[in-house]
Number of protein chains: 2
Amino acid sequence: MRYHKIPDETVRRLPVYLRGAIHLSQQGVEHVSSAHLAGLLGVKPWQIRKDFSYFGDFGTPGVGYPLESLIKQINKILRLDSGPRAVLVGVGNLGSALLAFPGFRMYGFEIAAAFDTDKRKIGRTKSGVPIEDVAQLRRIRRRRIGLGIIAVPEAAAQETAATLVEAGIKGILNFSPCYIAVPKRVKVITIDIAMDLARLPYYMPSS
Amino acid sequence: MRYHKIPDETVRRLPVYLRGAIHLSQQGVEHVSSAHLAGLLGVKPWQIRKDFSYFGDFGTPGVGYPLESLIKQINKILRLDSGPRAVLVGVGNLGSALLAFPGFRMYGFEIAAAFDTDKRKIGRTKSGVPIEDVAQLRRIRRRRIGLGIIAVPEAAAQETAATLVEAGIKGILNFSPCYIAVPKRVKVITIDIAMDLARLPYYMPSS
DNA sequence: GTTTGTGAATAGTTTCACAGCA
DNA sequence: TGCTGTGAAACTATTCACAAAC
């Protein structure tokens, strides 16, 4: 194996592989072949082999990939092994759903804090996380939180992002349906739910 | 302009352009240049020009693109002009947030029906949509609904998808963190929120 | 002067086919 | 025999640069 930069598309698939690997591992399986994993996840076997080849040969011909190493390796590459902590801003419908969402834990995430503007919510607890006043948001700098999740109305998204950046946040998951400008050192991933739904009819036969 | 198949990546960006165009149009603007739109949406001007070139020259050199035609054109390509109707399955935390979500309307969508298994929810109304018994789900065939939104627990996702397909659904937006197998004629887009969050640390400097 | 539309160049990704290892 | 790892080929997408249009 030689040095390779891992392609972005491969990085995008790593969490998929991780999910599959964890799933199998929990069932007591110890090795998995690219063909088996591919069937489980709806991808192609050669895609998996190529992707895995970017970060080391730990597969065994005739046997497959050892799940334990695979999980450890992907966690390490994605830097999930440090137990990343996230702050949620906006505890409305969507924010509440995110707080209750069980899926983050699989990847080692913790939503360590939640903020809102609504005086009636501040001081209360949702899914075990106390809701704090958004006016105090910039103080999270001291709390070793690297990720921000924006679930505020569109009009407040850019300002929220700016405050998060100021507070030392390095990565933002943005649920507002808009582009937010941040310094280049900060990575933003925007999930616009309506936008994904909007491309569905294009791919549908007739109507 | 010559015939071109529209690349998938372009299709993925069309809703972004549509959002920007609608935004400007609501402000009374009539024409927009690729540079202006690009600045607004965080993409590159030449990317916009190339993308638009796949579906006809309606831009005017020195002036830009007429917003009204642009909106009409994108709506037509994405087949949003027929007012697509969606059915939501699973009215939990996430499902409720989706029902309350204002963003769908911008793209001409309507969530026309909602289903759940919980007897306490069935018969009630959420965000104006009555919640029906999931046992009746396959009857939606008669109601001219083309899209399905799956917001049920992972364990029920595959079965829900199968029922939707049986009921004549042609496209599925899946929020369960798993691959769901469907016939090739049905398009599935999976949004795994945790998975998107999981790739964020990879792109963050240090930690 | 400004801005589009697009061929050509570059970059990135997927697919294939098969040598080589267990 | 079964499966990995990978070079090469095929394909897809992005970026550039500039002629033509207003």
Side-chain angles (χ1 to χ4, degrees), chain A residues 1-17 20-21 24 29-71 73-74 77 184 199 202-203, chain B residues 1-17 20-21 24 29-71 73-74 77 184 199 202-203:
Chain A
M1 182 241 176
R2 296 220 308 279
Y3 169 81
H4 283 292
K5 183 197 169 303
I6 299 178
D8 277 353
E9 287 300 301
T10 297
V11 173
R12 205 174 47 72
R13 283 186 293 265
L14 287 183
V16 181
Y17 300 148
L24 287 170
V29 182
E30 291 191 347
H31 290 81
V32 68
S33 70
S34 54
H36 183 189
L37 190 59
L40 209 70
L41 300 173
V43 299
K44 297 285 181 289
W46 52 80
Q47 180 80 82
I48 291 184
R49 292 203 299 275
K50 181 62 114 183
D51 283 341
F52 287 1
S53 79
Y54 291 118
F55 52 95
D57 6 43
F58 50 95
T60 310
V63 178
Y65 301 90
L67 285 168
E68 198 187 338
S69 320
L70 185 57
I71 292 169
Q73 183 74 296
I74 296 180
I77 293 169
K184 263 216 298 291
R199 25 194 260 278
Y202 176 84
Y203 292 102
Chain B
M1 179 240 179
R2 297 219 308 277
Y3 169 81
H4 281 292
K5 183 198 170 303
I6 299 178
D8 277 353
E9 288 300 301
T10 297
V11 173
R12 204 174 48 71
R13 283 186 294 265
L14 287 183
V16 181
Y17 301 148
L24 287 170
V29 183
E30 290 190 349
H31 290 81
V32 67
S33 70
S34 53
H36 184 188
L37 191 59
L40 209 70
L41 300 173
V43 299
K44 297 285 180 292
W46 53 80
Q47 181 79 81
I48 291 184
R49 293 203 298 278
K50 183 61 119 182
D51 283 342
F52 287 2
S53 80
Y54 291 119
F55 53 94
D57 3 47
F58 50 95
T60 311
V63 178
Y65 300 90
L67 284 169
E68 198 186 337
S69 319
L70 185 58
I71 292 169
Q73 184 73 297
I74 297 180
I77 292 169
K184 262 216 297 291
R199 30 193 256 277
Y202 176 84
Y203 292 102

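Letters A, B, ... mirror the listed sequences (proteins, then strands); counts begin at 1.
Distances from the side chain of A/Trp46 to the nucleotides C/dT14, C/dC16, D/dT6 place C/dC16 closest. Here C/dT13 is the nucleotide among C/dT6, D/dC3, C/dT13 with the atom lying nearest to any side-chain atom of A/Asp8. Out of C/dA17, D/dT15, C/dT4, the shortest distance to the side chain of B/Ser33 is found at C/dT4. In the set C/dT6, D/dC3, D/dT15, D/dT15 carries the atom at the smallest distance from any side-chain atom of B/Gln47. Taking only side-chain atoms of B/Lys50, from C-beta outward, the nucleotide of D/dT4, C/dT3, C/dG7 with the closest atom is C/dG7. The side chain of B/Pro7 approaches D/dA13 more closely than any other nucleotide in the set D/dG5, D/dA13, D/dT4. The side chain of B/Ser53 sits closest to C/dG5 out of C/dT14, D/dT14, C/dG5.
To the nearest 0.5 angstrom, B/Ile48 atom CD1 is 9.0 Å from B/Leu40 atom CG. Taking OG from A/Ser34 and CH2 from A/Trp46, the interatomic distance works out to 10.0 Å, rounded to the nearest 0.5 Å. Taken from NE2 in A/His31 to CD in A/Glu68, the straight-line distance is 10.0 Å, to the nearest 0.5 Å.
Per the geometry, CZ belonging to B/Phe58 stands 11 Å off C1' belonging to C/dT4, to the nearest Å. What separates CG of A/Asp51 from P of C/dG12 is a distance of 16 Å, to the nearest Å. Here C/dT2 presents its P atom at 18 Å from NE2 of B/His31, a figure rounded to the nearest Å. One interatomic measurement links the two molecules: OH of A/Tyr54 to P of C/dG12, which rounds to 11 Å at whole-angstrom precision. Spacing between atom CZ of A/Arg49 and atom C1' of D/dG2 amounts to 11 Å, rounded to whole angstrom units. When rounded to the nearest whole Å, the span between NZ of A/Lys44 and C1' of D/dT4 equals 19 Å. Distance, B/Lys5 NZ to D/dT12 P: 8 Å, rounded to whole Å. We find that OH of A/Tyr17 is positioned 13 Å from P of D/dT4, with the value rounded to whole Å.
Within the nucleic acid shown, A/Arg13 comes within 4.0 Å of sugar-phosphate atoms alone, with no base atom in reach, counting heavy atoms only. Among the heavy atoms of the strands lying under 4.0 Å from B/Ser34 are primed sugar atoms or P, OP1, OP2 only; no base atom is included.
Residues A/Glu9 and B/Gly64 each lie close to DNA chain C; by heavy-atom proximity, the contact nearer the 5' end of the strand is made by B/Gly64.
Phosphate contact (OP1/OP2 of D/dG5, side-chain N/O of A/Tyr65, threshold under 4.0 Å): present.
Between B/Tyr17 and B/Phe52, the ring planes are perpendicular. Angles over 60° get that label, and only those under 30° would be called parallel.
In this structure, B/Ile77 and B/Tyr54 have side chains that are not in contact, with every pair of non-hydrogen atoms separated by 4.5 Å or more.
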